[in-house]
Amino acid sequence: MDEYNHLKIEKKWQSFWDKKKLYKAKENPKKKKFYGLIEFPYPSGDGLHVGHIKSNTAMDIICRKRRAEGFEVLYPIGWDAFGLPTENYAIKHKMHPIDVTKKNTDIFRKQLKAGGFSFDWDREINTTDPKYYKWTQWIFLKLLENNLAYKKKMPINWCPKDKTGLANEEVVDGKCERCGTPVEKKEKEQWMLAITKYADRLDKDLDDVDFLEKIKIQQRNWIGRSEGANLKFKIEGTEEFINIFTTRIDTIYSGTFIILSPEHPALLKFKSKITNWNEVSEYIEKSKKETDIERMAEGKDWTGVPLKGLSVINPATSEKMPVWIADFVLAHYGTGAVFADAHDTRDFYLAKKYGLKLKVSIKPKNVSEEELEKITKFEKCFEEEGILFNSDQFDDLTSEEARPKIISWLKGKGLAESVTNFKLRDWIFSRQHYWGEPIPVVHCEKCGMVPLSEKDLPLKLPNVKNYEPTDTGESPLSAITKWVNTKCPKCKGKARRETDTMPNWAGSSWYYLRYTDPKNSKKFADPKNLKYWTPVDWYNGGMEHTTLHLLYSRFWHKFLYDMKLVPTKEPYQKRTSHGMILAPDGEKMSKSRGNVINPDDIIKQFGADSLRVYEMFMGPFDQAIAWNPDSIVGVRRFIERVWRLTDKISAKKQVENKKLDTLIHQTVKKVTEDIEAMKFNTSISQMMICVNEMEKAAEVSKENFELFVKVLSPFAPHVTEEIWSKMGHKKSIHTEEWPKFDKAKIVEDIAKIIIQINGKMRGMIEIPMNSQNTEIEARIKDEKGINKWLEGKKIIKIIHVPNRLANIVTD
RNA sequence: GCCCGAGUGGCGGAACUGGUAUACGCGCACGACUUAAAAUCGUGUCUCUUAACGGGAUGUGGGUUCGAUUCCCACCUCGGGCACCA
């Protein structure tokens, strides 16, 4: 055979597949379907990352296998193109974001095509296409109609020098990334989506999907369901109450003061009663400058300030309690207030620091005298659950037993109610940027906020020169008066358009639905297509999207399900994750570090097949691994060896080689199973072992070689296609059926049994399969190297793992 | 700080459900082919004592077990996420 020329071969087959539309997905009700999805890329100016190749190849392998197994497969691709980096790039280079996006997607498309992925390119979508974002806006209107979108004052990051709002990413160490000025919080009206209304279902329905366990756990922790109670603390001298959420009502008898978050509304309400307001307002100002993470950090010197003049009544003990504020209490969790006691590290710390009264009411089960003394003398903080004491009628109950009893007792007095709380917060949905979907509402002087009607969609972004941020914190759109000033759709009077845009998460929350019917102008997708293709059968993506994108799109999907617009409760049946590819130095690849590996270079030098196989071989799929420029050589060698093996194909159909037959069928089995478990690295080592063995043989039967090439084909689609056609086949290897292994050929009749003496490996014997203890015992008595360990010893027992190992335990 | 992972030769890593630790690949050393080099092929390659018999080793320290890379406890280090990057 002639020399392996990857450039020629890959180009040839890529255009062949394109021309034949080999990977086009059709709604074919006679066939079972498979919908494989990867996260559509953000077309950044840096070009395709080798990490994209990794996740795309993995799903490509799965989709190619599914086609071979007889499925109708949808493997689509598109662009998640709205967002800050494009806008910033456009501003910096004085280009329009539309042109930047066009340029970048063109580069990405070309790069992806060179990777040989079996995408259906006829279904390509782009979130910045008005034909697409029309439907993103449409879904927003549906959310609005159903009271799931609302406006609320929320703090944003504000740089007082640049007079601009900042994304969290643009805040480094609490300072503005560009000018270094400390960032402040500024209140601004923001559009919110009420994802918390779906918190319960987002949590519970995880039971019904096949997500990796770590993904479920992380989503559950993020949603943060906790069962507890809201308690009412009467403010002394008023008829008003402060509401406090707690999951540890069992500690109520030790509650000696309460702490509000510095943002708590009661502060302003009772300002007149607070006698040290100067001190308090200073503390509030200071806490505005810290992030939540800083505020809660363990081991920091927690601080607080008393609200002098205010006190509340403990609903259980009826004792008077002072009121404090402290920045580690967060406004947006629970009720933004806690009761403080000796059973919480931070409260304990604060009380000791400022000399506040403490009381203990929980003790550990089976506690020693000294231990209990330490706790009761406040030398140690006991945070866990335990046994109640100092708690009147609830004494001697466990924490768990006490909680429902205390709740119902206080409920009777009208001072408590059971509530389920979630850590999850509503989704801040507005951005003050140009490059996003305009929010399709107007503000009318007479009618107030009026949504656009469906026929006015899409509301297109105005095509203007200036889209730089304004110095008022408003969106750049607000400066475009021609666009902003409009008529009210209801009364035809004067109105202003909403100038905030949607976050990048909007377009990506439903894109998998659009793929089922990407050109539909009447609906976001035809129900028939949705019925056929959804749910996505297998969605692979990064762990970094677990809590945001994955949760947001589950939320939108559930909403659409409630509207009877999609046929399934969940968008994704199965979710797996890939690990990142790091630079050769073990750091993240980034332009500024100058350690980026460009896939184009690798494809040119080694070929797309080598790149694909290398990325699958480099390590466990879900782990982060550093790029190793030397290792790809080994993979390239492997492909060349496969290429040269074609010279060994025998003219005879059958070649007598039992050992090779077994190995080939073992390989088919291993690759078939490993692909399902995403253990691509071990499938490739198995194929390498197989190649080593085929090289040793004088000739290889055509039948065996074809089995081998078929299992390799999803990994290295070009070279296998070339070999296949050179073997005289007229049809593409990628339309062949997935090979089946012959069970009879895999079974071996001799077992190699490891002999251990008292747990130490002392030798190995070959013995017929399924031999019994007595046969093994008889054999080892004569086995040199083993029997010497048994001299003068008495065998107590033999632990026998059939066909694998026997451990002889002696006295 | 909180949540989720990971830690095995010079390097990437393998090890089924608790059952030969280091498969496969890279690198390195030696050899074959060659006038020579590259490419290719072959052999070897955890470590200590070494010719052999043995002993030790899966981040650290304990535990369970006939047997632990695998399970349990404590600790150390590294990576991802923490809500306006995507």
Side-chain angles (χ1 to χ4, degrees), chain A residues 39 41-42 44 80 82-85 88 154 156-157 165-171 190 195 213-215 217-222 224 291-300 328 332 423-433 503-505 508 542-549 551-552 577 579-580 582 586 588 614 617-620 622-635 637-638 640-641 644 673 679 681-682 684-689 691-692 695 752-764 785 788 796-801 804-810:
Chain A
E39 286 158 354
Y42 182 80
S44 78
D80 186 15
F82 272 131
L84 202 55
N88 287 341
M154 290 298 288
I156 62 165
N157 300 312
L166 297 173
N168 281 352
E169 199 197 38
E170 298 170 296
V171 181
Q190 300 274 34
I195 189 173
E213 203 48 39
K214 61 176 173 183
I215 295 174
I217 292 169
Q218 210 155 324
Q219 284 217 351
R220 287 217 160 95
N221 289 343
W222 184 261
T291 65
D292 287 359
I293 297 169
E294 287 162 357
R295 282 167 62 162
M296 294 203 299
E298 189 104 11
K300 95 163 203 175
F328 62 79
H332 48 70
K423 277 205 193 97
L424 186 70
R425 313 206 292 259
D426 274 346
W427 173 4
I428 304 176
F429 197 68
S430 6
R431 300 291 183 272
Q432 292 73 49
H433 288 288
N504 161 283
W505 307 109
S508 61
M543 262 330 264
E544 71 275 18
H545 288 116
T546 304
T547 49
L548 300 178
H549 159 65
L551 205 62
Y552 290 151
S577 74
M580 290 210 301
L582 305 170
K588 238 183 179 173
Y614 168 61
F617 183 60
M618 63 196 294
D622 63 347
Q623 249 171 258
I625 298 160
W627 184 269
N628 184 343
D630 299 325
S631 272
I632 193 165
V633 183
V635 166
R637 270 181 212 153
F638 163 69
E640 285 177 7
R641 291 162 83 185
R644 284 197 300 263
E673 290 167 358
K679 287 159 81 176
N681 53 337
T682 50
I684 293 164
S685 13
Q686 179 69 26
M687 289 190 278
M688 284 172 168
I689 292 169
V691 165
N692 291 344
E695 277 181 341
K752 290 176 181 170
I753 293 183
I754 302 303
I755 304 300
Q756 291 185 337
I757 315 281
N758 295 322
K760 291 250 183 222
M761 215 279 262
R762 296 303 181 192
M764 188 184 68
K788 66 172 180 185
I796 298 168
K797 62 174 171 177
I798 297 177
I799 291 154
H800 182 198
V801 183
R804 183 154 280 174
L805 167 141
N807 187 12
I808 321 293
V809 185
T810 65

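Below, chains carry the letters A, B, ... as their sequence lines are ordered, and counting in each starts from 1.
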Distance, rounded to the nearest Å, where A/Ile217 contributes CD1 and B/G5 contributes C1'
10 Å

Looking for any heavy atom pair under 4.0 Å, which part of the strands does A/Asp622 touch: base, sugar-phosphate only, or nothing?
nothing

Restricting to non-hydrogen atoms, name the atom on A/Ala626 and the atom on A/Tyr614 that form the minimum distance, rounded to 0.1 Å.
O-OH, 4.4 Å

Could you tell me whether A/Gln190 contacts a base, only the sugar-phosphate backbone, or nothing, with contacts defined as non-hydrogen atoms closer than 4.0 Å?
base

So what does A/Arg762 touch, heavy atoms closer than 4.0 Å: a base, only the sugar-phosphate, or nothing?
sugar-phosphate

A/Ser430 vs A/Val801, nearer the 5' end of RNA chain B by closest nucleotide
A/Val801

Any side-chain heavy atom of A/Trp505 within less than 4.5 Å of one from A/Trp427?
yes

Paired to B/C28 by Watson-Crick or G-U wobble criteria (both distances under 3.5 Å) is B/G44

Which whole-number value in Å describes the distance from A/Trp222 CH2 to B/G81 P?
11 Å

Categorize A/Gln686 for me: base, sugar-phosphate, or nothing, with a 4.0 angstrom heavy-atom threshold over every strand shown.
nothing

Looking at every strand, decide which applies to A/Met687 at a 4.0 Å heavy-atom threshold: base, sugar-phosphate, or nothing.
nothing

Gap separating the NZ atom of A/Lys760 from the CD1 atom of A/Ile757, nearest 0.5 angstrom
12.5 Å

Taking NE2 from A/His545 and P from B/G5, how many angstroms apart are they, rounded to a whole number?
20 Å

Base partner of B/A14, which must satisfy Watson-Crick or wobble distances under 3.5 Å:
none

Between CE of A/Met580 and C1' of B/C4 the distance, given in whole Å, is 14 Å

What does A/Ile799 touch in the nucleic acid at a heavy-atom separation under 4.0 angstrom: a base, only the sugar-phosphate, or nothing?
base

Can you tell me how far C1' in B/U70 sits from the matching atom in B/C82, rounded to whole Å?
31 Å

Determine whether A/Leu582 and A/Ile625 make a side-chain contact, defined as any pair of heavy atoms from C-beta on separated by less than 4.5 Å.
no

Quick one: does any side-chain atom of A/Asn807 pair with a main-chain N or O of A/Gly759 as donor and acceptor, under 3.5 Å?
yes

Taking atom P in both B/U77 and B/A86, what distance in whole Å separates the two?
33 Å

Between B/C84 and A/Arg431, is there an OP1 or OP2 to side-chain N/O distance shorter than 4.0 Å?
yes

Between CD1 of A/Ile808 and C1' of B/G19 the distance, given in whole Å, is 13 Å

Roughly how far apart, to the nearest Å, are B/A15 and B/U20 at atom C1'?
10 Å

Considering only heavy atoms from C-beta outward, does the side chain of A/Gln432 approach that of A/Gln190 to under 4.5 Å?
yes

Residues two or more places apart in sequence or in another chain: which of them pass side chain to side chain donor-acceptor pair (under 3.5 Å) with A/Tyr42?
A/Thr86

If you only use heavy atoms from C-beta on, which nucleotide in B/C85, B/C4, B/A83 is closest to the side chain of A/Arg425?
B/A83

For atom C1', what is the distance between B/G54 and B/C73, given to the nearest Å?
34 Å

Under a 3.5 Å limit for both distances, which nucleotide forms a Watson-Crick or G-U wobble pair with B/G7, could you say?
B/C76

Do the side chain of A/Asn504 and the main chain of A/Phe82 share a donor and acceptor less than 3.5 angstrom apart?
yes

When both hydrogen-bonding distances must be under 3.5 Å and the geometry is Watson-Crick or G-U wobble, what is B/U22 paired with, if anything?
none

A/Tyr552 side chain vs A/Ile195 backbone, donor-acceptor pair below 3.5 Å
no

Give none if B/U35 has no partner; otherwise give the nucleotide forming a Watson-Crick or G-U wobble pair with it, both distances under 3.5 Å.
none

When you compare the side chain of A/Leu84 with that of A/His433, does any pair of heavy atoms fall below 4.5 Å?
yes

Any strand, both distances under 3.5 Å, Watson-Crick or G-U wobble: B/G67 pairs with none

I need the NZ-P distance between A/Lys588 and B/G79, as an integer number of Å.
11 Å

Quick one: does A/Gln756's side chain have a donor or acceptor within less than 3.5 Å of a partner on A/Leu805's backbone?
no

Mind checking who B/C82 pairs with, Watson-Crick or G-U wobble, both distances under 3.5 Å?
B/G1

If we take the C1' atom in both B/C66 and B/G18, what is their distance in whole Å?
12 Å

Tell me, for nucleotides 38-47 of chain B in 5' to 3' order, what letter each nucleotide earns: B for a base near a protein heavy atom under 4.0 Å, S for only sugar-phosphate near one, - for neither?
--SS------

Expressed as a whole number of angstroms, how long is the span from A/Leu424:CG to B/C82:C1'?
13 Å

Answer syn or anti for B/G9, where the cut-off is 90° from 0 on the glycosidic torsion.
syn

How long is the gap from CD on A/Gln686 to CD on A/Glu673, to the nearest 0.5 Å?
10.5 Å

Considering only B/A86, B/C24, B/G19, which nucleotide approaches the side chain of A/Leu548 most closely?
B/A86

Could you please name the option among B/A86, B/C84, B/C3 that lies closest to any side-chain atom of A/Gln218?
B/C3

Between A/Asn692 and A/Leu805, which residue's closest nucleotide on RNA chain B lies nearer the 5′ terminus?
A/Leu805

B/U8 and B/C71: how far apart are their P atoms, nearest whole angstrom?
16 Å

Which nucleotide, B/C3, B/G80, B/G25, lies nearest any side-chain atom of A/Asn221?
B/C3

Interatomic distance where NZ belongs to A/Lys214 and P belongs to B/C4 [whole Å]
12 Å

Between B/C28 and B/A36, how many Å separate the two C1' atoms, rounded to a whole number?
23 Å

Among B/C85, B/G80, B/C82, which nucleotide sits nearest the side chain of A/Pro85?
B/C85

Answer with base, sugar-phosphate or nothing: what part of the nucleic acid does A/Ile689 contact at a heavy-atom distance below 4.0 Å?
sugar-phosphate

Pick out which of A/His549, A/Met543, A/Glu544 makes a side chain to side chain contact (heavy atoms under 4.5 Å, CB included) with A/Thr546.
A/Met543

Under 4.0 angstrom, heavy atoms only, what part of the nucleic acid is A/Ile156 near: base, sugar-phosphate, or nothing?
base

Are A/Lys760 and B/G56 close enough that a side-chain N or O sits under 4.0 Å from OP1 or OP2?
yes

How far does the C1' atom of B/U65 sit from the matching atom of B/C2, given to the nearest Å?
35 Å

N/O contacts under 3.5 Å, protein versus nucleotides 10-14 of chain B?
residue	atom	partner	partner atom	Å
B/G12	O2'	A/Met618	O	2.4
B/A14	OP1	A/Asn681	ND2	2.7

Here the gap from A/His800 atom NE2 to A/Ile808 atom CD1, rounded to the nearest 0.5 Å, amounts to 9.0 Å

Sort out the partner of B/A52 for me: Watson-Crick or G-U wobble, both distances under 3.5 Å, none otherwise.
none

